[in-house]
Amino acid sequence: MSLLALPTSALASLGRATFNALASIGRIAIYAALTLSHIVRPPFYRREFLTALMQVGWLSLPVVGLTAIFTGGALALQIYAGGQRFSAEAVVPQIVAIGMVRELGPVLVGLMIAARVTSSIAAEIATMKVTEQIDALTTLSTNPMKYLTVPRVLAGFLTVPLLVGVGDIIGIMGGFLVSTEQLGFNRASYIKNTLDFLQTPDVVSSLIKGAVFGFIATLIGCYYGMNSGRGAQGVGGATKNAVATASILILAANFVLTSVMFGS
Amino acid sequence: MIELSRVAKSFGKNHVLRGVNLTIPRGQSMVVIGGSGTGKSVLLKSILGLVTPDSGRITLEGADVREANRDAFLARFGMLFQGGALFDSLKVWENVAFRLMRGATKLPKDEARAIAIEKLRRVGLKPETVDMFPGELSGGMQKRVGLARAIAAEPEIIFFDEPTTGLDPIMSGVINALIREIVTEMGATAMTITHDMSSVRAIADRVAMLHDGLIRWTGLVSDMDQADDPYLQQFIHGRADGPIESVR
Ligand SMILES: Nc1ncnc2c1ncn2[C@@H]1O[C@H](COP(=O)(O)OP(=O)(O)O)[C@@H](O)[C@H]1O
Ligand SMILES: [Mg+2]
């Protein structure tokens with residue numbers, strides 16, 4: 001009995017966790033559908049939207065830039081070192097470009113947005129919920145979904161692709177700087193190789209990923225904020241769950257998008 | 001007139017309301033008393049539809065509140081929340097004018113601002129506070145801003161959730177007097193939640209005591225002291241011993 005109890009209860013809790021995760025995904029999907037239905041129906045809160053553009057987009061630029069430049073630099077070093085083993089070190093510009101634009105740019109920007117934006121949205125909305133500000137909005141005949149969620153999700157959907165674009169460029173520049181300053185590449189030919197190699201679908205896929213990740217990051221922040229538990233603990237839990245869920249969903253969505261756009 | 005009949009609400013195993021029957025006559029000031037955690041806030045929120053009761057019926061002028069048009073229904077109400085619930089990203093006047101600047105009867109900005117300033121003056125706040133943020137105000141001032149926001153659109157029905165909790169006795173007295181004045185001058189129906197007996201005597205026409213998920217006693221405030229309900233008497237006099245368990 002006691003020998004069996006341990007593995008059984010461990011299995012049971014694993015089963016319960018899986019079941020809860022699936023149930024959450026279902027509720028998040030419903031929340032997403034609801035958000036979309038509110039985007040197309042008035043009123044639209046312009047001032048909240050502009051604030052969200054600022055918060056999600058503009059103020060994320062430094063974090064995105066720093067993440068991208070270091071990653072691009074490290075990528076160039078690794079590709080050079082790896083390429084040397086079969087005398088292919090000349091491919092650095094091409095691989096840096098495709099690696100940044102197709103995968104690392106969108107994924108890293110997505111994860112940084114999850115860390116910076118999802119967390120702050122979840123904490124802000126959860127605090128509003130805990131301090132009855134959400135109830136106050138409702139009694140003042142303002143739909144919290146339209147006033148809080150729609151502006152943020154729309155801002156994420158529209159600005160994160162731009163951030164990804166900037167991240168791609170800065171990442172490639174990081175690779176360029178390391179390659180030309182340290183690895184002895186010629187500047188003009190590095191740029192030419194990069195531009196010749198990159199194709200429109202690469203760039204488009206990067207931006208599409210950015211839009212999807214921006215939607216996920218902001219939506220998940222709003223969802224967990226609106227469903228926060230009570231008290232300071234509720235706010236903490238909402239923030240933690242929001243960042244974890246957003247990060248996992250971004251990585252999962254990245255895999256799906258890569259398979260759909262490039263896997264054949 | 002607001003009527004609740006057999007309203008029940010549970011959160012999991014916590015049976016907060018177990019069949020509340022209560023009538024709030026039009027134009028009167030009803031005060032609901034009861035210990036903390038007895039479900040007074042849940043009761044208010046049920047009427048507003050912020051909490052959905054598990055069973056029972058709530059009507060406003062005879063019409064079921066769940067079947068009402070939400071916007072039109074909510075436009076008849078003003079509410080002062082327990083913690084103020086001011087929007088901390090908005091200035092004081094924007095909080096007060098929040099409803100005035102939105103919805104079908106939207107006013108131009110300067111008109112809404114003028115009304116907000118007037119309402120803030122009504123609750124005793126100086127014009128300097130108008131452009132401040134709620135975080136820069138003391139607790140008592142925040143309560144007043146909440147009060148100004150609740151009355152800004154001149155609602156027919158006003159709910160006050162613990163208007164004096166956390167305030168010093170003098171500020172409590174000021175807020176009580178303000179509520180009484182405002183309710184009288186606006187002719188509004190009011191429902192106030194409190195466990196502060198000085199508020200009860202200052203604000204109430206009628207009193208209802210919520211205990212253990214039910215309305216234990218209800219009647220005119222003038223009859224309260226003579227009532228022979230031991231629960232009510234223990235609460236009014238704040239005695240540690242009596243039928244109400246003091247360890248909850
Ligand atoms: N959203 C909620 N989820 C779970 N429990 C709640 C919720 N709101 C209130 N409760 C519980 O209901 C009870 C009554 O709460 P409340 O109405 O806030 O009490 P009070 O009479 O002090 O205003 C408390 O035990 C509280 O924990
Ligand atoms: Mg309460």
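A note on names: the letters A, B, ... follow the listed sequences, proteins ahead of strands, and every chain is numbered from 1. All of these numbers come straight from a predicted model, not from anything done at the bench.
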Got a sec: does the [atom1] of [X] have more than 12 other heavy atoms crowding it under 6.0 Å?
{"X": "Arg66(B)", "atom1": "CZ", "result": "no"}
{"X": "Phe157(A)", "atom1": "CZ", "result": "no"}
{"X": "Arg41(A)", "atom1": "CZ", "result": "yes"}

How long is the span from the [atom1] atom in [X] to the [atom2] atom in [Y], to the nearest 0.5 Å?
{"X": "Met79(B)", "Y": "Leu140(A)", "atom1": "CE", "atom2": "CG", "result": "10.5 Å"}
{"X": "Leu86(B)", "Y": "Thr131(A)", "atom1": "CG", "atom2": "OG1", "result": "9.5 Å"}
{"X": "Leu137(A)", "Y": "Arg102(B)", "atom1": "CG", "atom2": "CZ", "result": "8.5 Å"}
{"X": "Asp135(A)", "Y": "Leu48(B)", "atom1": "CG", "atom2": "CG", "result": "9.0 Å"}
{"X": "Thr139(A)", "Y": "Phe159(B)", "atom1": "OG1", "atom2": "CZ", "result": "10.5 Å"}
{"X": "Leu50(B)", "Y": "Glu132(A)", "atom1": "CG", "atom2": "CD", "result": "9.0 Å"}

Answer with side chain, backbone, both or neither: which region of Thr142(A) has an atom nearer than 4.5 Å to a non-hydrogen atom of chain B?
-> side chain

Can you name the closest pair of heavy atoms from Ser141(A) and Leu74(B) and give their distance?
-> OG-CB, 3.8 Å

Non-hydrogen atoms of Ala85(B) and Ala136(A) that approach each other most closely = O-CB, 3.9 Å

Given that the side chain runs from C-beta out, which part of Phe98(B) has a heavy atom under 4.5 Å from chain A: side chain, backbone, both or neither?
-> side chain

Just wondering, do Phe87(B) and Met128(A) contact through their side chains at under 4.5 Å, heavy atoms?
->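 When only atoms from C-beta onward are counted, Phe87(B) and Met128(A) do touch, with a gap below 4.5 Å.
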
